[in-house]
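All remarks here apply to the structure that follows.
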Amino acid sequence: MPVSITLIGGPTALIEIDGFRLLTDPTFDAPGAYQLPHVKLEKTIGPALKADAIGPVDAVLLSHDQHSDNLDNSGREFLFKVKRVLTTEAGAKRLGGHVEGLAPWETARVRDGYGNTLTITATPARHGPAGIEPLSGDVIGFVVSSSRKETRPVYISGDTTWFDGVAEVARRFKCGVVLPFAGAAQTRGPFHLTMDTNDTVETARAFPEAMIVPLHTEGWAHFRQNGEDLRKTFDALGFGPRLRLLEPGLPTVIEAP
């Protein structure tokens, strides 16, 4: 069955699949400067929807909790209003409460009152080049698989570049929709912390049966590439029909090609 995705802004999107509602990395703060321990980030575009306009969600899928472009102050408040929050093991310890930590390849299940189930598998992610882990901290992505066999899995990469962990996700899951966190984020040095156009194309090649729906491409000054860069790259390489750029605030039905 098709999946509906509403881009809120940055990495934040509402994913509706088989009656379940999932929210990725909640960021609802207004534009402005945000000081982290080692760098200042500038948010340039506010969310397309406010937190109180989202409505109930079955789970938040939080790739990591330490960077304000993935979890800001309003996002932290939002976590306390939802039933389930899934994130890294380290993040769960920091956030406490009902937040659940998953290591790569561990699973959690979300059920409704009609016997339907989503299996959410945590996937490896690397927030930059090899060796970045002590600086960036732990990050995970997610694969969402439905108990309805006609619904293909959905992969949310989280903040990661292309590396063998993403390739392994492609080997294990035949996803129909892939949401790479792109934008070529750059803060610490002349290297990217999220997927650039090359990484996103590699991801598209690894998931040949999936529609590619990028997140994390607009809204922050440290994003070095945007959706139009992806469009030009995909068109030039013949992948254009498989790329779907979202309009913020507009629910968009995505079907596997």
Polar side chain donor-acceptor pair, Ser145 to Thr119, under 3.5 angstrom
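No, because no side-chain N or O of Ser145 sits under 3.5 Å from a partner of the opposite role on Thr119.
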Answer with yes or no whether the side chains of Asp199 and His192 bring together a donor and an acceptor at under 3.5 Å.
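On atom types as modelled, these side chains do not qualify, holding no pair under 3.5 Å.
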Enumerate the ring pair (Phe, Tyr, Trp, His ring centres under 6.0 Å) contacts for residues 170-190, please, sequence neighbours excluded, ordered by first and then second residue.
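Listed once each, the pairs are Phe181-His216.
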Short question: side chain of [X], backbone of [Y] - any donor-acceptor pair under 3.5 Å?
X      : Y      : value
Thr161 : Thr194 : no
Gln225 : Thr197 : yes
Arg152 : Glu209 : yes
Asp235 : Lys232 : no
Arg231 : Leu243 : yes
Arg242 : Ala210 : yes
Glu218 : Gly227 : yes

[X] to [Y] - nearest heavy-atom pair and separation:
X      : Y      : result
Leu41  : Ser68  : CD1-OG, 3.9 Å
Arg224 : His222 : NH1-CA, 3.2 Å
Thr24  : Pro11  : OG1-O, 2.7 Å
Asn116 : Arg148 : ND2-NH2, 3.4 Å
Val178 : Cys175 : CG2-CB, 4.1 Å
Gly115 : Ser147 : O-OG, 4.4 Å

For a side chain to side chain contact (heavy atoms under 4.5 Å, CB included) check, start with the C-alpha distance between Val110 and Ile120, then their side-chain angles and the critical distance, and finish with the verdict.
CA-CA 8 Å; Val110 180; Ile120 299 172; 3.8 Å; yes
Residues forming a side chain to side chain donor-acceptor pair (under 3.5 Å) with Thr200, sequence neighbours excluded:
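Counting only residues at least two positions away or on another chain, Thr200 forms no side chain to side chain donor-acceptor pair (under 3.5 Å).
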Taking only residues two or more places apart in sequence, or in another chain, which ones meet [X] in a side chain to side chain contact (heavy atoms under 4.5 Å, CB included)?
X      : result
Thr217 : Ala182, Pro214, Leu230
Thr160 : Ala125, Arg126, Ser157, Phe163, Val166, Met195
Pro31  : none

Just wondering, do [Y] and [X] contact through their side chains at under 4.5 Å, heavy atoms?
X      : Y      : result
Pro47  : Thr27  : no
Glu228 : Leu245 : yes
Pro26  : Leu71  : yes
Ile254 : Arg244 : yes
Thr87  : Glu100 : no
Glu16  : Arg21  : yes
Val169 : Pro124 : yes
Thr252 : Ile5   : no

Is it possible for you to say whether [X] and [Y] belong to one hydrophobic cluster, with membership spreading through side-chain heavy-atom contacts below 4.5 Å?
X      : Y      : result
Leu102 : Leu62  : no
Val213 : Leu23  : no
Ile140 : Leu215 : yes
Ile212 : Trp162 : yes
Val177 : Val143 : no

I'd like to know whether Val57 forms a side chain to side chain contact (heavy atoms under 4.5 Å, CB included) with Leu22, so could you lay out the CA-CA distance, the side-chain angles of the two residues, the decisive distance to 0.1 Å, and finally the verdict.
CA-CA 6 Å; Val57 301; Leu22 309 172; over 6 Å; no
How are the rings of His64 and His67 set relative to one another: parallel (under 30°), tilted (30 to 60°) or perpendicular (over 60°)?
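Geometry flag for His67 against His64: perpendicular rings.
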If you apply the rule side chain to side chain contact (heavy atoms under 4.5 Å, CB included), what do you find for Val144 with Leu61, and how did you get there?
CA-CA 10 Å; Val144 179; Leu61 308 182; 4.0 Å; yes
When Thr6 is tested against each of Leu49, Ile15, Leu246, Ile54 for side chain to side chain contact (heavy atoms under 4.5 Å, CB included), which residue passes?
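Answer after filtering Leu49, Ile15, Leu246, Ile54: Leu49.
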Tyr155-Phe142 aromatic ring centre distance below 6.0 Å:
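Not close enough - the centres of the two rings lie 6.0 Å or further apart.
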List the atom pairs, with distances to 0.1 Å, where a side-chain N or O of residues 72-81 and a protein N or O form a donor-acceptor pair under 3.5 Å, not counting sequence neighbours.
from, atom 1, to, atom 2, distance (Å)
Asp72, OD1, Phe28, N, 3.3
Asp72, OD1, Ser74, N, 3.4
Asp72, OD1, Gly75, N, 2.7
Asp72, OD2, Phe28, N, 2.9
Asp72, OD2, Asp29, N, 2.8
Ser74, OG, Asp29, OD1, 2.5
Arg76, NH2, Asp65, O, 3.0

Salt bridge (charged side-chain N to carboxylate O under 4.0 Å, His left out) between Glu168 and Arg172, intermediate numbers included:
CA-CA 6 Å; Glu168 182 61 25; Arg172 296 189 185 203; 2.9 Å; yes
Does the side chain to side chain contact (heavy atoms under 4.5 Å, CB included) test come out yes or no for Asp138 and Glu89, once each step is laid out?
CA-CA 8 Å; Asp138 294 343; Glu89 293 179 304; 5.9 Å; no
Evaluate side-chain hydrogen bond (donor to acceptor under 3.5 Å, both in side chains) for Ser63 paired with Asp159, printing each intermediate quantity in order.
CA-CA 7 Å; Ser63 67; Asp159 272 11; 4.9 Å; no
How long is the gap from CG on Asp196 to CG on Asp229, to the nearest 0.5 Å?
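The CG atom of Asp229 is 10.0 Å from CG of Asp196, to the nearest 0.5 Å.
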How far does CD of Glu202 sit from CZ of Phe207, to the nearest 0.5 angstrom?
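One gets 12.0 Å once the value is rounded to the nearest 0.5 Å.
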